[in-house]
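In what follows, a single structure is set out as structure tokens and then discussed.
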Amino acid sequence: MDGTFPIGARAVSSDVTFLAIDPSTDTRIEPAFAVSSEADVGEACKLADAAFDLFRETDPEVRAVFLETIADEIEAIHEPLVARAIQESGLPRPRLEGERGRTTGQLRLFAKHLRAGTWASVVIDEAQPDRKPMPRSDLRQRRIAVGPVAVFGASNFPLAFSVAGGDTASALAAGCPVVVKGHPAHPGTSVMVGKAIQAAVAKCGLPEGVFSLVQGPANELGAALVKDARIKAVGFTGSRGGGLALVALAAARPEPIPVYAEMSSINPVILFPAALAARGEALGKAYVGSLTMGSGQFCTNPGIVVAVDGPDLDTFVDAAAGALGEAAPQVMLTPGIHASYDKGVAALAGHDAVQTLARGTEAEGANRGRAALFSTTGKAFVADPALSHEVFGAASIIVRCTDLAEVHSVLEKIEGQLTITLQIDEGDHADAAALLPTLERKAGRILANGWPTGVEVAPAMVHGGPFPATSDPRTTSVGTAAIERFLRPVCYQDLPDALLPKAVKHGNPLVLPRTEG
Ligand SMILES: NC(=O)C1=CN([C@@H]2O[C@H](COP(=O)(O)OP(=O)(O)OC[C@H]3O[C@@H](n4cnc5c(N)ncnc54)[C@H](O)[C@@H]3O)[C@@H](O)[C@H]2O)C=CC1
Ligand SMILES: O=C(O)CCC(=O)C(=O)O
């Protein structure tokens, strides 16, 4: 691997370089990677803009084959890619092997979605020349790509939410050229995937500007990308502060653009009385499994459990505290994320209204996250918004409520969420039904008798939700519906067939599904 990054068809180098850090040892690792300049950002955006009209009008089949070719190119570098991702993220091999599969599976799912054609949302309202008192025009609607898209790679998914992750796959599927700002924690992984996409662009004979990657440690680089007038939408997964900074930059442009930022979520789990009575111990153990997986570094991590206090909740708490007490510390993604985890845990541990129930085993080695379990009362939780702030990592708080009415008040108090989980048995259905309207207002996904981590990449998935889970609750960043973020409708009124794009021509040459008005 060399230290260059792909801009269009070129491999770009620089005298200014940076190194990745192996978080498991806190040591810098070779090779040195070129830091992209603002001029590189400009070049990537210029090429993306030049590629746009041609790329967006490629037949869906061409883009489907392109996405499949990217998947093939990534599979061809599987072993060195996974090895580098392990070094740069500290995540274990099975997790990264799975994530590699999810990444290529996602690309292939979008290829299938393109072939199905529903994404184009073609609607035809045939002309009614004899309509009285006024004739009706011929109206034809389809959706087109919004323009070049900036994608910010996430630190916690070096493959599935990074250079060829869901944002990139959905933007390319829509027909948008993509400029990725790689996450500085995994530059080698980013460059390897970036070059795989670059190879796929060449193999498919597409314009070089369809894809570029810029990277470097400074936030200014990402800011320059969002401010570039040729960028028309942004996809982001990361911190609330980072996401809000990009939203502000995008809104302050002479031409404001949408930012689809996935940011902060504490993913409440509600234990209903009958379920708690029937299987409190098993639930306690399963909860800790979901909480500590991957050192808790998921935005879907169960950060809060809400239940009515009593002996059944004690059983759950004892089982959870026992399991968590045995949880071994795991390497966290970056020294910064580890430091911010320790700070968040210390703040909860020092809070007057919070009791520390258990900590994972002592941490040895660099950047190890030591799991933490806390409890508080419903009253204290409602009184102090600080208790509902996300602590990114394997920390969670159990909120003991006096009755179901207080459970309801706690849920009314929380901010927007990616997920809310219900642990229910049949005897809980009436109580759960009473809460559902609140839960729908709060979350993008409501699940029963499972755990929120491990998002399925599927057409019905919603990985989104009201602020601060995301900056735009109308969409999802996982699943085929993610393509909708990067499309907009255009209506063609009375255009002669010769001028109509293929998607809405009278003969339907692309054989796209149509709604007739
Ligand atoms: N909700 C989620 O899915 C995730 C949340 N996080 C949270 O983020 C914290 C820090 O982790 P990171 O992954 O590094 O997230 P981050 O938000 O700090 O950085 C993500 C990307 O955005 C860029 N960025 C951040 N602030 C910016 C600004 N003001 N202007 C321009 N670009 C900016 C960074 O350079 C990086 O490429 C974690 O401790 C955790 O709290 C991290 C990963 C996922
Ligand atoms: O749980 C998952 O599979 C996805 C979580 C996620 O989107 C994130 O942590 O950023």
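As the structure lists them, so they are numbered: ligands from 1, and atoms in each ligand from 1. Numbering of residues begins at 1 and proceeds along the displayed sequence.
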Do any nitrogen or oxygen atoms of [X] lie less than 3.5 angstrom from nitrogen or oxygen atoms of ligand 2?
X    : value
P452 : no
V455 : yes
T237 : no

Under 3.5 Å between some N or O of ligand 1 and some N or O of [X]?
X    : answer
N219 : yes
K181 : yes
S155 : yes

### Query
Any Lys/Arg nitrogen of K46 or E208 sitting under 4.0 Å from an Asp/Glu carboxylate oxygen of the other?
no

### Message
I'd like to know if R10 and D40 make a salt bridge, using a cut-off of under 4.0 Å between side-chain N and carboxylate O.
### Response
no

Which atoms from ligand 2 have a heavy atom of [X] less than 4.0 Å away?
X    : value
F298 : 1 (O), 9 (O)
G454 : 1 (O), 2 (C), 3 (O)
R102 : 2 (C), 3 (O), 4 (C)

Of the choices [options], which has the non-hydrogen atom that lies closest to [atom]?
atom                    : options          : answer
atom 3 (O) of ligand 1  : A223, A154, C299 : C299
atom 10 (C) of ligand 1 : V226, I337, L246 : I337
atom 10 (O) of ligand 2 : S265, C299, A154 : C299

Check contact between [X] and ligand 1, using heavy atoms of the residue and a distance below 4.0 angstrom.
X    : result
F236 : yes
A185 : no
S340 : yes

### Query
For E364, does the CD atom sit with more than 12 other heavy atoms under 6.0 Å from it, leaving out its own atoms?
no

### E412 atom CD, over 12 foreign heavy atoms within 6.0 Å
yes

#### Entry: E97 and its salt bridge (Lys or Arg N to Asp or Glu O under 4.0 Å) partner, picked from R93, R95, R100
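Running salt bridge (Lys or Arg N to Asp or Glu O under 4.0 Å) over R93, R95, R100 with E97 returns exactly one hit, R93.
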
### Query
What is the closest protein heavy atom to atom 1 (O) of ligand 2, and at what distance does it sit?
T300 OG1, 2.7 Å

